[in-house]
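This report refers to the structure that appears directly beneath it.
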Amino acid sequence: MRLILLGPPGAGKGTQAERLVNEYGIKQLSTGEMLRAAVAAKTPVGLKVASILEKGELVSDEIVCAIISDRVDEPDCENGFILDGFPRTIAQAEALDKLLEEKKLTLDGVVEIRVDEGILLGRIERRASESVDGPRADDNAEALKKRLAVYSAQTAPLVDYYAKTGLLKTVDGMQDIDGVFASIKQALED
Ligand code: AMP
């Protein structure tokens, strides 16, 4: 099974992706996590993107598309994968269509976790204060506002993009974690 998870920062994409990994035996591919790992390891890509991540802006389409293209070829993705945090722009979605076509792979669904953006700030502030490793560098209020604005402007249009393909499944992300997961499973198995 090959899926995309869509939703603004704080919608619970990471949490739901972990559950989907266990349920379907597929791999979670989070571009945010891969980029943070590159920053921590000070790789050439990491050095290039560190300040962009900190500001809550988007890394270039070229960088993230290359990362994903390489990653889906790894043997651990044979069973399928969940893209978490990618694509984030129409250009990335088009690049993804192209690279999947070249690899002769198809998508099974695009799950949009829809939430009330007004309460996201509270959730993210909690995540920042509870994190055992300390707050993520991009979890400060300034960067969060930026990330929400970037989501509305650049990523939200993907909802229409995937609605047109018939792959879009929208679930209510305001339920508790179990409720959201049950809705996702139902949407995928319908
Ligand atoms: P996330 O963990 O998905 O919220 O991503 C954290 C940060 O990594 C984002 O604020 C961006 O700076 C960067 N990032 C992650 N995925 C992408 C992507 N698909 N395109 C551009 N930038 C990304």
Side-chain angles (χ1 to χ4, degrees), residues 2-21 27-72 77 81-100 107 110-115 117 119-159 161-162 173 180:
R2 285 177 290 271
L3 303 174
I4 294 176
L5 269 188
L6 274 182
K13 292 193 301 294
T15 305
Q16 298 299 331
E18 269 173 40
R19 294 207 170 190
L20 289 162
V21 162
K27 197 75 198 165
Q28 175 188 4
L29 303 183
S30 158
T31 42
E33 267 171 33
M34 292 184 240
L35 291 166
R36 282 189 291 278
V39 170
K42 297 193 166 62
T43 66
V45 166
L47 294 173
K48 213 161 155 181
V49 304
S51 68
I52 301 175
L53 260 71
E54 210 161 306
K55 283 186 276 189
E57 292 170 359
L58 291 187
V59 170
S60 77
D61 293 338
E62 199 189 344
I63 289 180
V64 289
C65 292
I67 290 177
I68 287 294
S69 180
D70 289 346
R71 193 59 192 83
V72 300
C77 289
F81 49 78
I82 305 167
L83 298 176
D84 162 16
F86 178 91
R88 252 179 161 96
T89 63
I90 296 282
Q92 289 179 18
E94 289 170 350
L96 177 65
D97 285 344
K98 199 162 151 233
L99 77 86
L100 290 177
L107 285 173
V110 177
V111 177
E112 179 204 7
I113 304 179
R114 191 169 285 182
V115 291
E117 292 201 17
I119 69 145
L120 285 181
L121 189 61
R123 275 197 191 177
I124 295 212
E125 279 171 349
R126 244 192 338 272
R127 184 167 85 188
S129 67
E130 285 168 3
S131 168
V132 273
D133 306 322
R136 267 170 53 173
D138 60 358
D139 263 347
N140 61 63
E142 199 60 29
L144 169 62
K145 265 194 243 151
K146 178 79 190 177
R147 287 164 69 212
L148 283 174
V150 168
Y151 182 84
S152 300
Q154 308 223 53
T155 310
L158 294 181
V159 171
Y161 182 90
Y162 287 114
V180 176

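Every number for a ligand or one of its atoms is a count from 1 in the order of the listing. Counting from 1, the numbers follow the sequence of the chain as shown.
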Tell me whether the count of non-hydrogen atoms from other residues, nucleotides or ligands lying under 6.0 Å of CD in Glu94 goes above 12.
yes
How would you list, by chain and number, every residue that makes a side-chain contact (heavy atoms from CB on, under 4.5 Å) with Ser30, sequence neighbours excluded?
Gln28, Glu33, Asp84
Backbone or side-chain N or O of Gln92 under 3.5 Å from ligand 1 N or O:
yes
Is a side-chain donor or acceptor of Thr89 paired with a backbone partner of Gln154 at a separation under 3.5 angstrom?
no
Note: Glu33, heavy atoms under 4.0 Å from ligand 1, region reported as neither
Answer side chain, backbone, both or neither: which part of Leu35 comes under 4.0 Å from ligand 1, heavy atoms only.
side chain
With Pro87, which of Val110, Ile4, Asp97 fulfils side chain to side chain contact (heavy atoms under 4.5 Å, CB included)?
Ile4
Sub-4.0 Å atoms of ligand 1 with respect to non-hydrogen atoms of Phe86
19 (N)
Can you pull the side chain to side chain donor-acceptor pair (under 3.5 Å) pairs that have at least one residue in residues 2-16, sequence neighbours excluded?
none
Can you list the ligand 1 atoms lying under 4.0 Å from a non-hydrogen atom of Leu53?
7 (C), 8 (O), 12 (O), 13 (C)
For atom 15 (C) of ligand 1, state which one of Arg88, Glu57, Arg36 supplies the nearest heavy atom.
Arg88
Are Arg114 and Val159 packed together at the side-chain level, in the sense that at least one heavy-atom pair is separated by less than 4.5 angstrom?
yes
Classify the contact between Val59 and ligand 1 as side chain, backbone, both or neither, using a heavy-atom distance cut-off of under 4.0 Å.
both
Kindly confirm or rule out an N or O of Gly85 lying under 3.5 angstrom from an N or O of ligand 1.
yes
Any side-chain heavy-atom pair of Val59 and Lys48 under 4.5 Å
no
With backbone taken as N, CA, C and O and side chain as the heavy atoms from C-beta onward, which portion of Lys13 lies under 4.0 Å from ligand 1: side chain, backbone, both, or neither?
neither
